[in-house]
K.L.:
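Submitted below is the structure of interest, expressed as structure tokens.
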Amino acid sequence: MPPPADIVKVAIEWPGAFPKLMEIDQVSNADSTNFYITEKNRNNIKNGSILRLTTSAAQMAQQLHERIQSSSMDMKLDALKDLANSSRDITFAQEFINLDGISLLTQMVESGTERYQKLQKIMKPCFGDLLSFTLTAFVELMDHGIVSWDTFSVAFIKKIASYVCKSAMDTAVLQRSLAILESMVLNSQDLYQKVAQEITIGQLIPHLQGTDQDIQTYTVAVINALFLKAPEEKRQFDEDNVNILDCPLTVSFNVIHLPKILFLVFQNVIRSNKPINDEMAHQLYVLQVLTFNLLEDRMMTKMDPQDQAQRDIIFELRRIAFDVECESNNSGSFEKRKSMYTRDYKKLGFINHVNPAVDFTQIPPGMLALDNMLYFARHHQDAYIRIVLENSSREDKHECPFGRSSIELTKMLCEILKVGELPSENCHDFHPMFFTHDRSFEEFFCICIQLLNKTWKEMRATSEDFNKVMQVVKEQITRALTIKPNSLDQFKSRLQNLSYTEILKLRQSERMNQEDFQSRPILELREKIQPEIMELIKQQRLNRLCEGTCFRKISSRRRQDKFWYCRLSPNHKVLHYGDLEESPQGEVPHDSLQDKLPVADIKAVVTGKDCPHMKEKGALKQNKELLELAFSVLYESDEYLNFIAPDKHEYCVWTDGLNALLGKEMTSEFTRSDMDTLLNMEMKLRLLDLENIQIPEVPPPIPKEPSNYDFVYDCN
């Protein structure tokens, strides 16, 4: 007789004795763990687990609370080490916090550590470990979200900031201090103000110039957090001659310091011989997004046609292009001057020749387009004059309108770089070339506007072809960006190889690979084999669900990521899932996943804003890209299994697979793409024998019946 399904055998390890097998009533299996077993997590015990009898969480918390206050340095050090390890468990953390343990740790950091600093010269390693374990325990306890970050004093913030600002500090202490500052800034607007007052850019720069990539990552994360929480008015550029290295961040966010940080990051991180890990890649991506988001204000600002300062920029464009000075009001008649301005504005390629200011009232790109044009005219004057004069002198209707092109190009570049959007939680897509120049976006525009003019000439375009040219230019830019050029010069060289002729060749090659015949017989054949292909896609999706996927639990502190794995059973009847200590290198076996969800119990699959975990408040939950990767499985009455897919592909695979299990249609964009690819491939295979044969639009007529059937005979 097989043993009952709700009984598992575990080994209990008594102090000083060998583990002994015992039986415990249990619902499902679970991985062995070092955490306390409670009513909430007791279902995580699995067959063969070794449980260790130990002091209760409450008693352990009480003992450590007393031991960390010991006058003995060795006892204090051991206690803090144990506390740092135990604090990862939420059961213990709750008990320790109930004893006002967080306050005790902050007091030790604020004042208690000063007593040990006197011993630092003779016990330097001991002091570093003491402080490191204290801060580690603090970070672990705060990560549980039990205590609000708003409760900490200015003295504590100053002390943590002082560890960051010191030139020679223990690496572990520096890491924990940077992590604490990042969490403070992200979780409290009030603490942002206090932290930003304590740290200067000059104090963070040495950490970027070091060789420890973990320290560099934490430093960039702090800069990103401070910049993300900075009020709008402190994110704007100001050309004042201020020494940004000595300014508190609440002040220095008001000057051009971020591009300088980008260059330091490029020199010390991107150009380093060490490979960039995923977390650093994400922080670099966030830094890039935040830098481009500085442009959002100008992008969404309409030009005021009555603002003389703004109108003077247009006058400046005219002056540089045609080498003329603005005429005084007394020089010539009003009509003559108006006619002269209108003629020049037409040569500059504006849509509104009388009042070009109206062209910049469209948002986006608003005033950002005018800023780019002025930058191009001043910093690349020869190229600017050449483009304007070259097109204004043409009389064959093939002139490229510089003004209109610049406005549309600026709008396009903002779309490509997603200016104004919050950074994604799962993206690592940064471009090294944008870290190489103080005004990288403007230089990017200057390269692209010259490309547009070159492509216009290659296409021999007229004003009616404007949208076609813009589509080709967008394709050239996006194709060049895919290789992640390390510099703007490399990007420019790549564009040289992507001429209009080359784009046509690429399009033709891709079109041949995706050839789609439109004759009626072909369409009927496609329709006939479509169900077969859909069934093939369905099987592929279910097979992928059987292989399983590792999902990340979203938290405010990415470097302590927690993972969980989910996979479908081979018989397609049960979803197995469970927590993991780290991201797996391959498939996770079913028996190591402690939780189960029968497919028969699934009621529905919801996505995006309808997911329960996306309705929660918080900056991370408002991210647009995060919403696009979220889905939930509804089972029983109000129970949900919540997912955040690692990328769009996994999102489509899982939503398709779950819908297939429920007998619903698979509607993802990946399904449509796979359907087109497989259909085209199948069509080509079936039509190989008909190559170079004309397929008629209508079927051949059926011949008349024969006059007799004498030719029919019985084979038997």
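The structure displayed is predicted, hence computed values, not measured ones.
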K.L.:
With a 3.5 Å cut-off and sequence neighbours excluded, list the donor-acceptor pairs that the side chains of residues 206-213 form with protein atoms.
P.N.:
{"unit_1": "His207", "atom_1": "NE2", "unit_2": "Val164", "atom_2": "O", "d": "2.6"}
{"unit_1": "Asp212", "atom_1": "OD1", "unit_2": "Asp214", "atom_2": "N", "d": "2.9"}
{"unit_1": "Asp212", "atom_1": "OD1", "unit_2": "Ile215", "atom_2": "N", "d": "3.3"}
{"unit_1": "Gln213", "atom_1": "OE1", "unit_2": "Asn277", "atom_2": "N", "d": "3.0"}
{"unit_1": "Gln213", "atom_1": "OE1", "unit_2": "Asn277", "atom_2": "ND2", "d": "2.9"}
{"unit_1": "Gln213", "atom_1": "NE2", "unit_2": "Pro275", "atom_2": "O", "d": "3.2"}

K.L.:
Glu140 vs Arg88, test: salt bridge (charged side-chain N to carboxylate O under 4.0 Å, His left out). Steps then yes/no.
P.N.:
CA-CA 6 Å; Glu140 296 289 354; Arg88 290 177 294 173; 5.2 Å; no
K.L.:
Consider only side-chain N and O atoms of Ser132 and Asp129, and report whether a donor and an acceptor are under 3.5 Å apart.
P.N.:
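There is no such pair between these side chains.
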K.L.:
For Thr151, does its backbone N or O pair with a side-chain atom of Ser148 as donor and acceptor, under 3.5 Å?
P.N.:
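No, because the side chain of Ser148 does not come within donor-acceptor range (under 3.5 Å) of the backbone of Thr151.
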K.L.:
Taking C-beta and beyond as the side chain, do Val185 and Leu191 meet within less than 4.5 Å on heavy atoms?
P.N.:
no
K.L.:
Does the distance from a Lys or Arg side-chain N to an Asp or Glu carboxylate O, for Lys484 and Asp429, drop under 4.0 Å?
P.N.:
yes
K.L.:
Can you check whether Val173 reaches Phe133 side chain to side chain, under 4.5 Å on heavy atoms?
P.N.:
no
K.L.:
Start with the C-alpha distance between Arg67 and Asp82, add both sets of side-chain angles, then the distance that settles salt bridge (charged side-chain N to carboxylate O under 4.0 Å, His left out), and finish with yes or no.
P.N.:
CA-CA 10 Å; Arg67 286 169 57 201; Asp82 292 341; 3.3 Å; yes
K.L.:
Please report the shortest heavy-atom distance between Thr410 and Ala369, naming the atom on each side.
P.N.:
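Minimum heavy-atom separation between Thr410 and Ala369: OG1-CA, 3.6 Å.
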K.L.:
Roughly how far, to the nearest 0.5 Å, is the CD1 atom of Ile363 from the CD atom of Glu296?
P.N.:
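So the gap between those two atoms works out to 10.5 Å.
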K.L.:
Does Leu105 form a side-chain contact (heavy atoms from CB on, under 4.5 Å) with Leu135? I'd like the steps, not just the answer.
P.N.:
CA-CA 8 Å; Leu105 292 177; Leu135 296 180; over 6 Å; no
K.L.:
Hey, mind stepping through Lys418 and Glu421 against salt bridge (charged side-chain N to carboxylate O under 4.0 Å, His left out) and telling me if it holds?
P.N.:
CA-CA 6 Å; Lys418 300 181 179 180; Glu421 294 186 17; 5.0 Å; no
K.L.:
Side chain to side chain donor-acceptor pair (under 3.5 Å) with Ser153: which residues, sequence neighbours excluded?
P.N.:
Glu110
K.L.:
Is it the case that the side chain of His282 and the backbone of Cys427 share a donor-acceptor pair, with hydrogens and angles ignored and the cut-off at 3.5 Å?
P.N.:
yes
K.L.:
Looking only at heavy atoms, what is the nearest atom pair of Asn372 and Glu442, with distance?
P.N.:
OD1-CG, 3.8 Å
K.L.:
Determine whether the side chains of Glu650 and Thr549 contain a donor N or O and an acceptor N or O closer than 3.5 Å.
P.N.:
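Per modelled atom types, Glu650 and Thr549 side chains form a pair under 3.5 Å.
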K.L.:
Taking the side chain as C-beta and beyond, is there a heavy-atom pair between Ile477 and Leu409 under 4.5 Å?
P.N.:
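Contact flag for Ile477/Leu409 side chains = yes.
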K.L.:
Please answer whether the main-chain N or O of Asp304 pairs with a side-chain N or O of Gln310 as donor and acceptor at a distance below 3.5 Å.
P.N.:
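Checked: pair present.
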K.L.:
State, to 0.1 Å, how close Tyr651 and Ala630 come at their nearest heavy-atom pair, and which atoms those are.
P.N.:
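Scanning both residues, the minimum pair turns out to be CE1-O, 3.5 Å.
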K.L.:
Listed by chain and number, what are the side chain to side chain donor-acceptor pair (under 3.5 Å) partners of Gln288, not counting sequence neighbours?
P.N.:
none
K.L.:
Checking Ile270 against Phe430 for the side-chain contact (heavy atoms from CB on, under 4.5 Å) test, could you report, in this order, the C-alpha distance in whole Å, the side-chain angles of both residues, the deciding distance, and whether it holds?
P.N.:
CA-CA 10 Å; Ile270 298 175; Phe430 73 95; 4.0 Å; yes
K.L.:
Atom CG in Leu178, atom OG1 in Thr219: separation rounded to 0.5 Å?
P.N.:
4.5 Å
K.L.:
Mark yes or no for whether Gln175, through its side chain, and Thr171, through its backbone, hold a donor-acceptor pair below 3.5 Å.
P.N.:
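Judged by distance alone, no pair lies under 3.5 Å.
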K.L.:
Is it the case that more than 12 heavy atoms not belonging to Lys648 sit under 6.0 Å from its NZ atom?
P.N.:
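Check passes, neighbour count above 12.
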K.L.:
Are the side chain of Asp610 and the backbone of Val606 linked by a donor-acceptor contact shorter than 3.5 Å?
P.N.:
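Side chain of Asp610 to backbone of Val606, a donor-acceptor pair under 3.5 Å: no, none is there.
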K.L.:
Roughly how far, to the nearest 0.5 Å, is the SG atom of Cys611 from the CG atom of Asn642?
P.N.:
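SG of Cys611 is found 6.5 Å from CG of Asn642.
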K.L.:
Have Gln594 and Tyr577 got a donor and an acceptor in their side chains that come within less than 3.5 Å?
P.N.:
no
K.L.:
State, with a plain yes or no, whether a side-chain heavy atom of Glu443 is found less than 4.5 Å away from one of Tyr375.
P.N.:
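Yes - at least one pair of side-chain heavy atoms lies under 4.5 Å apart.
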K.L.:
Any luck finding a side-chain donor-acceptor pair between Gln283 and Asn224 under 3.5 Å?
P.N.:
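A pair is found: one side chain offers a donor N or O, the other an acceptor, under 3.5 Å apart.
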K.L.:
Of all heavy-atom pairs between Met433 and Ser487, which one has the smallest distance, and what is that distance?
P.N.:
CB-C, 3.5 Å
K.L.:
Take Phe152 and Phe138 through the test ring-ring contact (aromatic ring centres under 6.0 Å, His included) and record every step on the way to the result.
P.N.:
CA-CA 12 Å; Phe152 299 109; Phe138 175 83; 5.3 Å; yes
K.L.:
Is there side-chain contact between Val269 and Phe435, with at least one heavy-atom pair below 4.5 Å?
P.N.:
no
K.L.:
Measure from the side-chain N and O atoms of Glu198 to the backbone N and O of Val195, and report whether any donor-acceptor pair falls under 3.5 Å.
P.N.:
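Answer holds: no.
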K.L.:
Determine, stepwise, if the pair Val109 / Phe156 fulfils side-chain contact (heavy atoms from CB on, under 4.5 Å).
P.N.:
CA-CA 7 Å; Val109 172; Phe156 179 71; 3.8 Å; yes
K.L.:
Do Phe292 and Phe434 have ring centroids that are under 6.0 Å from one another?
P.N.:
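Yes, they do, as the ring centres are separated by less than 6.0 Å.
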K.L.:
Within a strict 4.5 Å, meaning less than it, do heavy atoms of the Phe491 and Ile447 side chains meet?
P.N.:
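A side-chain contact exists here, since the closest heavy-atom pair is under 4.5 Å.
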K.L.:
To the nearest 0.5 Å, what is the distance between CG on Leu141 and CD1 on Ile102?
P.N.:
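Reported value, rounded in 0.5 Å steps: 4.5 Å.
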K.L.:
Looking only at heavy atoms, which two atoms of Lys229 and Gln189 are closest? And how far apart?
P.N.:
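Smallest interatomic distance, heavy atoms only, reads O-NE2, 3.4 Å.
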K.L.:
I'd like to know if the side chain of His144 and the backbone of Ile146 have a donor-acceptor N/O pair within less than 3.5 Å.
P.N.:
no
K.L.:
In sequence, state the C-alpha distance, the side-chain angles, and the governing distance for Tyr192 and Trp149, and then conclude on ring-ring contact (aromatic ring centres under 6.0 Å, His included).
P.N.:
CA-CA 11 Å; Tyr192 154 75; Trp149 283 93; over 10 Å; no
K.L.:
Just to verify, which of Lys411, Met300, Arg298, Glu415 counts as forming a side chain to side chain contact (heavy atoms under 4.5 Å, CB included) with Pro365?
P.N.:
Lys411
K.L.:
Taking the side chain from Asn293 and the backbone from Gly420, do they hold a donor-acceptor pair closer than 3.5 Å?
P.N.:
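Between the backbone of Gly420 and the side chain of Asn293 there is a qualifying donor-acceptor contact (under 3.5 Å).
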K.L.:
Phe551 vs Phe643 aromatic rings, parallel, tilted or perpendicular, using cut-offs 30° and 60°?
P.N.:
perpendicular
K.L.:
In terms of side-chain heavy atoms, does Gln197 have a donor or acceptor partner in Gln193 at a distance below 3.5 Å?
P.N.:
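Absent: no donor and acceptor within the cut-off.
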K.L.:
Would you say Thr291's side chain and Leu287's backbone share a donor-acceptor pair under 3.5 angstrom?
P.N.:
yes
K.L.:
Donor-acceptor pair, His428 side chain versus Tyr285 backbone, under 3.5 Å?
P.N.:
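Not at all, since once roles are kept as given, no pair shorter than 3.5 Å links the two residues.
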K.L.:
Do Val265 and Ile223 pass the side-chain contact (heavy atoms from CB on, under 4.5 Å) test, and can you show the C-alpha distance, the side-chain angles, and the key distance before you say yes or no?
P.N.:
CA-CA 12 Å; Val265 168; Ile223 293 171; over 6 Å; no
K.L.:
Does the side chain of Leu83 come within less than 4.5 Å of Phe96's, by heavy atoms?
P.N.:
yes
K.L.:
With the side chain counted from C-beta on, respond yes when Asn187 and Met142 share a heavy-atom pair under 4.5 Å apart, and no when they do not.
P.N.:
no
K.L.:
Closest heavy-atom contact between Pro485 and Leu481?
P.N.:
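Distance-wise, the nearest heavy atoms are CD-O, 4.2 Å.
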